[in-house]
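Heavy-atom basis, side chains included; hydrogens, waters and symmetry copies ignored. Each chain gets a letter, A, B and so on, in the order its sequence line appears, and its residues count up from 1. None of the values given here were measured: they were computed from a predicted structure.
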2 protein chains.
Amino acid sequence: MLLRIDVNSGETLYSQLSNQIKYGIARGYLVPGEDLPSVRGLASELGINMHTVSKAYAMLKEEGIIIINRSKGVKVSEEALISRDDDYGKIFDKKMTELIAEGLCNGYEKDQFMHKANQLFDEIGGK
Amino acid sequence: MLLRIDVNSGETLYSQLSNQIKYGIARGYLVPGEDLPSVRGLASELGINMHTVSKAYAMLKEEGIIIINRSKGVKVSEEALISRDDDYGKIFDKKMTELIAEGLCNGYEKDQFMHKANQLFDEIGGK
DNA sequence: CAACTGTTATATTGTTATTATAACAGTTAG
DNA sequence: CTAACTGTTATAATAACAATATAACAGTTG
């Protein structure tokens, strides 16, 4: 899977990486069990520091999305698409509430929100 | 409207403020045309610095959500709930795509996403 | 043993967040 | 007119964070 980062996006590099990997899994570009590049390999490929990649991986590991083995490497968790963390519910609620509130302040009513969600799910290929 | 900030949340103070004001508008706690506290007043009330409040207000002004008058003060824009910024469409798409991808990685399928969105819209009182 | 894994440690640089003062310019009430 | 209020601008200090750079450590594998 192709990963790209933009140093001028305002978003931190590790956050960009983390988000793109999540998107890749959601989209099916990355499948559970699949190996991910090594921290050194990916850092070299992207032209960034090893620790920046390591931090992105650590965050994904914290969410249970990837599995890190100290000597074997990194792979997508077999349960990457399965609900497992109850604490995530609150985080998800907060994020969605923020998106809804901000959307409403920009003229996105419920109908439009739902329509856009449908559209994006279709693009991603979610069930 | 009651505003609260948490210095240990990880989220920046100005971002917390901005999000809460957006939520207040979406929820109807703040109505278009309504006056907002002065930068000094709100800073004092919250126990934070004037410039932190000013930054939050500047961001909301940038989004067209509030109106700032150098000598009269700050109020919610009359068009706070009306679509006006075409550039926001891309930002909204990106944010929702991130939420969908992350949700899928945590076991939130389309059905659950839609159900949660419906529920939160009901709570907020969106049409 | 050599080459690879992720991890840990230490240090440096640059940016951002937050606070602190102070001054400026426009508006409004007394 | 003055005093008290607006937001804005400037400058500075501190702390935290992001990113980089080296280096070493401890497992695993060919």
Nearest-angstrom distance from the residue atom CG of A/Asn49 to C1' of C/dT10: 13 Å
Distance, rounded to the nearest Å, where A/His51 contributes NE2 and C/dT5 contributes P: 15 Å
Nucleic acid contacts - residues 52-65 of chain A versus DNA chain D, non-hydrogen atoms under 4.0 Å: A/Thr52, A/Lys55
B/Ile67 CD1 to D/dT6 P, straight-line distance once rounded to whole Å: 18 Å
Where at least one partner belongs to residues 46-65 of chain B, residue pairs that pass salt bridge (Lys or Arg N to Asp or Glu O under 4.0 Å), sequence neighbours excluded: B/Lys22-B/Glu63
Close residues, residues 6-19 of chain A, relative to DNA chain C [heavy-atom separation under 4.0 Å]: none
Counterpart residues, side chain to side chain donor-acceptor pair (under 3.5 Å), relative to B/Tyr14 (two or more places apart): none
Residues in salt bridge (Lys or Arg N to Asp or Glu O under 4.0 Å) contact with A/Glu98, at least two apart in sequence or another chain: A/Lys94
Whole-Å gap separating C1' (D/dG7) and NZ (B/Lys75): 15 Å
Qualifying residues under side chain to side chain donor-acceptor pair (under 3.5 Å), relative to B/Arg27, sequence neighbours excluded: B/Tyr23
Pairs flagged by side chain to side chain donor-acceptor pair (under 3.5 Å) wherever residues 41-51 of chain A is involved - sequence neighbours left out: A/Asn49-A/His51
Protein proximity profile, nucleotides 23-30 of chain C - base contact B, sugar-phosphate-only contact S, no contact -, cut-off 4.0 Å on heavy atoms: B--BSS--
Partners passing salt bridge (Lys or Arg N to Asp or Glu O under 4.0 Å) against B/Asp35 (at least two apart in sequence or in another chain): none
Minimum heavy-atom distance between A/Tyr57 and A/Ile66, given as atom pair plus value: O-CD1, 3.3 Å
Non-neighbouring partners of B/Thr12 that pass side chain to side chain donor-acceptor pair (under 3.5 Å), sequence neighbours left out: none
Nucleotide C/dC4, atom C1' - distance to CG of A/Leu42 in whole Å: 16 Å
Those residues that, when tested against B/Asn8, pass side-chain contact (heavy atoms from CB on, under 4.5 Å) (two or more places apart): B/Asp6
Heavy-atom closest contact (A/Glu34 atom, A/Tyr29 atom, distance): OE1-O, 3.8 Å
Pairs flagged by salt bridge (Lys or Arg N to Asp or Glu O under 4.0 Å) wherever residues 65-79 of chain B is involved - sequence neighbours left out: none
